[in-house]
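Start at 1 and go down the list; that is how both ligands and their atoms are numbered. Everything quoted here is computed from the prediction, not taken from an experiment.
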Amino acid sequence: MKKYLTALLGLFSISILITNMLGCQSQSLVAVENDAFVLGTFGQIRVYAPSEEEGLKAIAVAFKRITELENAMGPSLVGSDVYNINANAGKTSVQVSDDTLKVIKEGIKYEGLTSGAFNITLGSLIELWGIGKEWQKVPSPADIQDSKEHIEIINLQIDGNKIMIKDPEMLMDLGGIAKGYSVDEAVKVLKANGIKSGFVNLGGDVYAFGQKPDESKWAIGIQKPLVNSNGVVAKVLLENQSIVSSGNYERYFVDKGIRYHHIIDPATGYPSDSGVVSVTIISDSAIDGDALSTAVFILGHEKGMELVEELEGVDAVVITKDNTVYISSGANDMVEILDKTYQPAD
Ligand code: AMP
Ligand code: MG
């Protein structure tokens with residue numbers, strides 16, 4: 001039995017389970033890691049590089065790329081593409097970067113694929129709830145109803161690199177997808193800088209690539225879907241894939257004993273109450289995993305799994321309130337439940 005170290009990422013939905021190999025030199029590669037606070041979260045990049053210097057250099061370029069994306073897509077950053085689009089809602093179109101355009105297009109694609117569960121034009125509702133912001137509170141039903149009238153993705157118009165929101169009260173929010181894109185881009189940068197294996201973890205959106213020096217696969221832990229828990233429900237083995245989780249224990253506030261979390265169901269205008277507590281998506285790119293983890297959470301385990309089974313190269317682990325673990329057909333061999341208080345679905 002290998003021993004695993006799980007302490008690192010207790011706050012996030014996903015932990016990187018690192019074998020005892022870590023830190024040793026093997027095949028003259030050295031494990032190099034650097035962390036930074038990016039995109040409002042903890043960013044961690046670890047690579048296996050020929051030297052510490054080369055590893056750190058590649059990691060620095062990757063973090064620079066992530067910051068560039070944050071500057072384009074951060075909603076509250078004055079002058080970002082998203083800020084400008086929202087500030088000009090109902091007025092005029094805004095020229096955006098190719099990155100922002102790509103993420104918006106993917107967002108629109110996922111709105112269609114998820115029957116509207118994933119919606120990047122949910123900004124007015126997200127602002128209203130303000131989960132994690134100073135003004136977070138349970139809004140009045142009238143305010144929720146009012147915001148719900150301004151989430152029609154059809155009012156987001158694209159003309160080349162120009163984006164316009166036609167409804168003056170509608171807002172765009174890429175918080176459910178931009179992190180995934182940033183992970184994919186950071187991996188591209190690492191590879192372009194000669195790194196053959198490593199992982200990028202942005203607050204639980206992970207991509208692991210290449211082989212570790214001991215030739216074992218990456219072991220990634222799915223965090224227990226409980227507030228402030230460091231425990232791991234299951235271990236997932238992967239290679240050249242992303243793994244992204246969404247959960248109701250990540251960002252929330254409590255009012256009169258009720259927990260209100262950050263994944264909003266566009267159909268109700270309230271935090272999603274589908275019976276799901278955590279969704280982990282395993283896919284070829286983190287942007288897909290990011291959008292789908294949020295969407296499957298809202299769709300619930302039945303509809304969500306149906307969608308996952310239809311999609312090529314996408315797998316999921318869905319945990320429901322009663323501690324049942326649903327694993328998609330393609331992931332059965334990759335997932336091992338470690339905590340026996342969680343039971344696999346029949
Ligand atoms: P994630 O943590 O990836 O599940 O994404 C949650 C974030 O996505 C929230 O903090 C919001 O910014 C945004 N969001 C919440 N609900 C939705 C939704 N239904 N569709 C798209 N984005 C959402
Ligand atoms: Mg997401």
Have a look at ligand 1 and work out which part of S272, if any, has a heavy atom under 4.0 Å from it: side chain, backbone, both or neither. neither
Is I126 touching ligand 1 with its side chain, its backbone, both, or neither, if touching means heavy atoms under 4.0 Å apart?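 Just the side chain.
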Can a salt bridge be assigned to the pair [X] and [Y] using a cut-off of 4.0 Å between side-chain N and carboxylate O?
| X | Y | result |
| --- | --- | --- |
| E54 | K57 | no |
| D273 | K321 | yes |
| K303 | E306 | no |

So does [Y] get a backbone contact from the side chain of [X], meaning a donor-acceptor N/O pair under 3.5 Å?
| X | Y | answer |
| --- | --- | --- |
| D315 | I282 | no |
| E239 | K217 | no |
| W218 | G210 | yes |

[atom]: nearest protein contact (heavy atom, Å):
| atom | answer |
| --- | --- |
| atom 1 (P) of ligand 1 | T294 OG1, 3.4 Å |
| atom 15 (C) of ligand 1 | H262 O, 3.3 Å |
| atom 16 (N) of ligand 1 | I264 N, 3.1 Å |
| atom 17 (C) of ligand 1 | L122 CD2, 3.6 Å |
| atom 20 (N) of ligand 1 | N119 N, 2.9 Å |

Working to the nearest 0.5 angstrom, can you tell me the gap between [X] [atom1] and [Y] [atom2]?
| X | Y | atom1 | atom2 | result |
| --- | --- | --- | --- | --- |
| L190 | I59 | CG | CD1 | 7.0 Å |
| D205 | D184 | CG | CG | 9.5 Å |
| S93 | K166 | OG | NZ | 12.0 Å |

For R251 and ligand 1, answer yes if some heavy atom of the residue is under 4.0 Å from a ligand atom, otherwise no. yes
Quick one: does G204 get a heavy atom under 4.0 Å from ligand 1?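 In this structure, G204 fails to qualify as a contact of ligand 1 - no heavy atom is under 4.0 Å.
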At a 4.0 Å threshold, what atoms of ligand 1 neighbour a non-hydrogen atom of [X]?
| X | value |
| --- | --- |
| A117 | 18 (C), 19 (N), 20 (N) |
| D290 | 3 (O) |
| I298 | 19 (N) |
| D173 | 11 (C), 12 (O), 13 (C) |
| S246 | 1 (P), 3 (O), 4 (O) |

Of all the atoms in S246, is at least one N, O or S atom closer to the Mg ion (ligand 2) than 2.8 Å? no
2.8 Å cut-off met by an N, O or S atom of L292 to the Mg ion (ligand 2):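 No, outside the cut-off.
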Should we say atom CD of Q157 is surrounded by more than 12 heavy atoms from elsewhere, each under 6.0 Å from it?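 Buried by this count: over 12 neighbours within 6.0 Å.
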Please say whether I120 places an N or O atom under 3.5 Å from an N or O atom belonging to ligand 1. no
Please report, to 10°, the angle around the Mg ion (ligand 2) from atom OD1 (D290) across to atom OG1 (T294).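 An angle of 170° at the metal.
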Ring centroid separation for Y270 and W129, is it under 6.0 angstrom?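 Yes - the distance between ring centres of Y270 and W129 falls below the 6.0 Å cut-off.
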